[in-house]
Amino acid sequence: MKKSETVREHAARETRLKGVPLSDGCVAARVCLFNEKRHSNLPLYRVSGSGAVRETRRAKRAIELASARLEEVRERVAADVGPAEAEIFVAQKMIIEDPKLHDAIMKVVTDEGANAEAAVMRVLDAYEARLSAVDDAYIKDRASDFGEAKRRILDVLANMRPSLQCAGEEHCQRGRNRVIVAEELTPTMTVDLDTEHVMGFATERGGAHSHGAILARALGVPAVSGLPGLRDRVGCGTEILVDGRSGEVIIWPREETVARFCAVRSGGVKMPAPVDPVPGLRVMANIRIAEDVAEAAAMKAEGIGLYRTEIEVIAAGRMFTEEEYAERYLRVLRGMSGAPVTYRLLDIGSDKPLPFVEIPREDNPSLGWRGARFLLGRPDLLRAQARALARVSRHGAINVMYPMIADADQFAALRDAFRAETRDLPQGDIRHGVMLEVPAACLQAKEILDEADFASIGTNDLIQYLYAVDRNNERVAHDYHPDRPALWRLLGEVAAASAQTGKPLSLCGEVGADTRYTARLMEMGITTVSVNTRLIPAVRAAAARRPASGAKAE
Ligand code: PEP
Ligand code: MG
């Protein structure tokens, strides 16, 4: 698509597509293409000014992470295979940590305006070529170490990088003021993007309760999915209209079309004004990364009801150390100034794979090695997180929530594993709770709450498993909705189990953020919800205008 192409030039070929609405609202703006196939398509672009500062920072961080990962590999190989075999990784590590290499990469960024990937390739390719040319078998062999070191740094960069396909930095800026067009929205992308300023989403695949759809609703921007082939029909900079109510997407919309659908072009997303807590409903915040705590506090959240701790690990592309976890978790605890914080243990698997942990291919990943099962199978991954949480608990009471629990025994097994990993640490008040998102666990809510300190209902997965309907599949999105009696019967039973046991209950799935259900939840005794931060004011407003008890729910 040529840059000079304008809306007027394209008016004649306005193209209408019908997809699945994921998030309400309407916007007309330019496209930013998001490329998930990043390993096969490295972005090479020119930078200057603040772009160069950012790229040097990315390169520096990638070098540090690649070196840390290599050390992990070296230790594993040394233990599993032997010290001699581990030596090869020492050589690569020395290359990556060489200050001369570091300086050369930074110089290519600052002097030549190359992005981090381009600079890493240029410098390491040059070293490799020079060594390969030397007429000495030993030195030639060393050349391949440079190639391997380069791939390791690029791998890290691939996981850190905003995977934008648009050429030229000024064009996309991590989706700022753009409609993101992608195959599907993944949890990692939600961190890569400048989410504060994204205007909307249009994707080829993805269901109404995929993480991308949740993000779009949280941001209050329109989103439509179920648009196969969309990425072939638009380029970066293409004008596109996204109507999240009807599911219509229009490529190169005419002025009059924009006026009819959206009234305004590229309106911009406004942060809603905070609303004070209301009687009868406690509204907490769902957060993805530690930085989100500031917005939660600004929105007067009455606590963090769900901290999806896996998101920043997935985005970083590596496991955090105990210290790194603890630093983040303490920041959130302090940011909430004494209000409760619920840390969900890593919820890995299915739609949230860890890029650095090999999960063998599964026919049914959503029924496979995920959530609690994954944590029970990988005590090494549980350990650092559990120990960090135990350390943080010395600064204030914390809630630790276990994902995808199927029954009381599984919960007890995972809680015991947590305790075993942290036994030697001094710790404060830790409450152990359960995500109720598997139907069997909801049916056993009483037995689980006899054992656990609290529970929170995850309706996003609960609907998926209760009705056997994939939350991520746009083709079955029409069947994925909360207006189904079995769900409400189950929610009623869980609320009754909480009342009977006296154990606190909240609801942190998207049903809690949908104001059509606020009154109904309150009527059935679910009086704590946790929602995406920006939706707190709307949920409080709905609770405040709830009909008096006994009247028909909204
Ligand atoms: C849920 O399943 O409802 C939930 C809150 O967790 P997630 O969306 O992260 O699976
Ligand atoms: Mg879930």
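Hydrogens, waters and symmetry mates are skipped; everything else that's a heavy atom, side chains included, is used. All of these numbers come straight from a predicted model, not from anything done at the bench. Count residues from 1 along the sequence. Order of appearance sets the numbers: ligands from 1, and atoms from 1 within every ligand.
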For this session: Start with the C-alpha gap between Q410 and L376, add the side-chain angles, then the distance that decides, and say whether side chain to side chain contact (heavy atoms under 4.5 Å, CB included) holds.
Result: CA-CA 9 Å; Q410 192 184 44; L376 283 165; 4.0 Å; yes
Exercise. Would you call the rings of F320 and Y325 parallel, tilted or perpendicular, where under 30° means parallel and over 60° means perpendicular?
Worked result: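 Perpendicular.
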For this session: Give me the ring orientation class for Y343 and Y307: parallel if the planes are under 30° apart, tilted from 30 to 60°, perpendicular past 60°.
Result: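 If you compare the ring of Y343 with that of Y307, the planes turn out tilted.
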Answer with yes or no whether the side chains of [Y] and [X] bring together a donor and an acceptor at under 3.5 Å.
{"X": "S225", "Y": "E204", "answer": "no"}
{"X": "D461", "Y": "Q464", "answer": "yes"}
{"X": "S456", "Y": "S506", "answer": "yes"}
{"X": "Y480", "Y": "N472", "answer": "no"}

For this session: Run through the protein N/O/S atoms less than 2.8 Å from the Mg ion (ligand 2) and write them out by chain and number.
Result: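 Under 2.8 Å from the Mg ion (ligand 2) - ignoring waters, which are not counted - the protein N, O or S atoms are E437 OE1, D461 OD2.
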Exercise. Got the residues with a heavy atom under 4.0 Å of ligand 1, by chain and number?
Worked result: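 Around ligand 1, where the cutoff is 4.0 Å for heavy atoms, the contacting residues are H211, L306, R308, R344, K352, M435, E437, G458, T459, N460, D461, R471, C508, G509.
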Exercise. Stepwise, does the side chain to side chain contact (heavy atoms under 4.5 Å, CB included) test hold for L414 with L375?
Worked result: CA-CA 8 Å; L414 194 50; L375 289 172; 3.9 Å; yes
Problem set entry | Beyond-backbone contact of D243 with V249, side-chain heavy atoms, under 4.5 angstrom |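 No, their side chains stay 4.5 Å or more apart.
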